[in-house]
Protein chains: 2
Amino acid sequence: MKITARTPDQIGNALRRVRKAKGMTQKDVSARTNLRVATISSLENGDPGTQMRTVLSVLAALDLEFVVQDRVQESQLSIEDIFS
Amino acid sequence: MKITARTPDQIGNALRRVRKAKGMTQKDVSARTNLRVATISSLENGDPGTQMRTVLSVLAALDLEFVVQDRVQESQLSIEDIFS
DNA sequence: ATAAAATTTGCGCTATGGCGTAAAATGAGA
DNA sequence: TCTCATTTTACGCCATAGCGCAAATTTTAT
């Protein structure tokens with residue numbers, strides 16, 4: 001599992017996809033993070049105002065991590081276009 | 001350039017390292033993002049409250065991107081321990 | 001269809017991010 | 001050492017994140 005993200009939408013979609021792939025509900029993530037279900041929802045829906053602590057907390061709950069790397073030249077297709 | 005980050009501090013340090021490696025000042029990043037120098041400073045110093053829009057904006061200014069991936073088992077050493 | 005689960009939205013609240021502006025502190029070069 | 005550039009910190013301001021709590025909406029299964 002390795003998804004490039006440049007926008008809040010892409011990050012949100014990636015997190016939702018991974019969560020579902022792991023068979024977890026927002027409630028499950030909420031329990032692991034002590035964040036409200038509404039907060040998880042907001043993040044997954046691409047709220048750009050979501051704080052770093054919140055994103056990192058959810059990442060940890062999903063056993064994910066961030067990698068910061070140089071931008072790679074890629075097609076105009078976003079991850080959302082590729083995966084339904 | 002590829003740096004794993006799990007904490008606001010690690011993200012901040014990574015961004016600062018990359019910025020300097022590219023010979024840019026916080027003022028340069030500020031000019032490219034329309035964020036205040038103080039905001040860049042806050043981010044680089046690991047403020048967990050920094051918003052996603054801010055992080056993504058700075059990433060773009062540094063020609064970087066996020067990759068979300070499964071956590072990798074690694075030593076206890078953080079990136080800060082490895083690089084001065 | 002319909003019941004249950006899951007997700008989204010709303011309200012009032014407190015805390016704080018990022019803004020403009022400016023000054024203070026730190027770092028780097030002559 | 002002494003500037004000048006860079007970074008950090010402060011103050012007042014407005015906007016909003018995330019909280020508890022709850023209701024509404026959507027999705028999933030039976």
Sugar-phosphate or base contact per nucleotide [nucleotides 6-25 of chain D; S, B, -; heavy atom under 4.0 Å]: SSBBB------SSBBB----

Interatomic distance, [X] atom [atom1] to [Y] atom [atom2] [nearest 0.5 angstrom]:
X: B/Gln51; Y: B/Leu56; atom1: CD; atom2: CG; answer: 11.0 Å
X: A/Ser30; Y: A/Leu35; atom1: OG; atom2: CG; answer: 7.0 Å
X: B/Glu65; Y: A/Thr7; atom1: CD; atom2: OG1; answer: 11.5 Å

Side-chain heavy atoms of A/Gln26 within contact of A/Ser41, under 4.5 Å: yes

Of all pairs that satisfy salt bridge (charged side-chain N to carboxylate O under 4.0 Å, His left out), the ones with a partner from residues 24-39 of chain A, not counting sequence neighbours: none

